[in-house]
> 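Have a look at this one.
Atoms considered below: every heavy atom in the structure, side chains included; atoms not considered: hydrogens, waters and symmetry mates. Counting starts at 1 for both ligands and their atoms, in listed order.
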Amino acid sequence: MSLLGFVRENPNPSDVRGGSRTIDLGNGSEVFYVSRFISPDRSWEWFHYLDKEIPWTRPSIHVFGRSCVQPRDVCYVANKGLSDLQYSGYQPHAYSWDEYPVLKDILEAVHEALPGSKFNSLLLNRYKTGSDYVSWHSDDEKLYGPAPEIASVSFGCEREFLLKKKPTKRSVQSPDSSHSEQPASKRLKSSHAEQHSFVLKHGSLLVMRGYTQRDWVHSVPKRAKANSVRINLTFRLVMV
Ligand SMILES: O=C(O)CCC(=O)C(=O)O
Ligand SMILES: [Fe+2]
C-alpha cells in the first residue's frame, strides 16, 4: 500500500477496531488508518441515515477564476460561534450538531479512538457515482492552525484516497536544473512525487496529522468502476 515511508502494523491482534496502521510520511507528517473502525452493520445504519437526512447541496465554487459546480454533494456542521469556513469563494451554512444526533455519536466514537483529540466542525461529502471526486488539495485554511489533525470516516462504496508530496522549492527549481539536458517542462513532468494510496473501506477511519496539510496534497479521483454512493465525514478543529 505504502510506496515509500514507514508502516507500523498495530501489534495487538485482538484490537476490536482491527487493521490499524501508522504511516510516517516524514518531516513531522503522519497518517493513521483503521480499516475496521465502526462495525459494518452500524456503518450501514449510519450511511442510510446520513444519505436520507443530511441537507446535501452541490454548490458552485470558483476555481482559477472560473465558476463550476462542485463535483460532489456537501454539507457543513459546526459548533456555534466559530469563525466561518470559506473555500474556493464559497461559504457553507453551518448546521448545528443538535439537528443530527447520529453525527454526535460518530464524533464521540472518533474522540474515543483518538485520545486527546478535539474536533468542533465537520465537512460531509457524498460521492454519488464514480464520476464524483475531490481534486488535489490540502485542508490548510488558516482557521485550522499550522498543524491540524483531521479525522476522516468513510461509509459505503470503497474509493481510493491518494496523498502526494507537494513539490519543494528544491525539486521545482533545483540549482542544477539549468545544466540538465531536458527542457524545464519535461523535467517537472518526469519528476516522481512521493505518493501513497489507500482504499478507504466502509466504516474506516483515516487521520491526517502534523504537517500533512502543509507538505502534502490529497484527492479522491474519479473511478469508472465505483458505481454506488460513498459518504465521507472529515472532522476538524477550528481555532475559534
Ligand atoms: O472524501 C474523502 O475521503 C476526502 C474528502 C476531503 O479531502 C475533504 O473534504 O477535504
Ligand atoms: Fe481534504
> Just wondering, more than 12 heavy atoms not from Y211 lying within 6.0 Å of its OH?
no
> Report the relative orientation of the aromatic rings in W97 and F235; use parallel for angles under 30°, tilted for 30 to 60°, perpendicular for over 60°.
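Geometry flag for F235 against W97: parallel rings.
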> For the hydrophobic clusters of this structure (ILVMFWY residues joined by side-chain heavy atoms under 4.5 Å, transitively), does one cluster hold both L107 and Y100?
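Shared cluster, yes.
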> For the pair S88 (side chain) and Y90 (backbone), establish whether a donor and an acceptor sit closer than 3.5 Å, ignoring hydrogens and angles.
no
> Is there a side-chain contact between I61 and C68 in this structure, where contact means two heavy atoms from C-beta onward sitting under 4.5 Å apart?
yes
> Can you confirm whether D105 is buried at CG, in the sense that more than 12 heavy atoms of other residues, nucleotides or ligands lie under 6.0 Å from that atom?
yes
> Tell me, which protein N/O/S atoms are under 2.8 Å away from the Fe ion (ligand 2)?
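Short answer, with waters excluded from the count: H137 NE2, D139 OD2, H218 NE2.
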> Donor-acceptor check, side chain of H218 to backbone of D139, threshold 3.5 angstrom: yes or no?
no
> Below 4.0 angstrom, N of the basic side chain to O of the carboxylate: do K166 and D215 qualify?
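Looking at K166 and D215, the cut-off is not met.
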> Might you list the protein residues in contact with ligand 1, defined as having a heavy atom under 4.0 Å from one of its atoms, sorted by chain and number?
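Ligand 1 is contacted, at a heavy-atom distance under 4.0 Å, by L123, N125, Y127, H137, D139, F161, L200, H218, V220, R230, N232, T234, R236.
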> Quick check: does any side chain N or O of S154 sit under 3.5 Å from a backbone N or O of S204, one acting as donor and the other as acceptor?
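Not confirmed, S154 side chain does not pair with S204 backbone.
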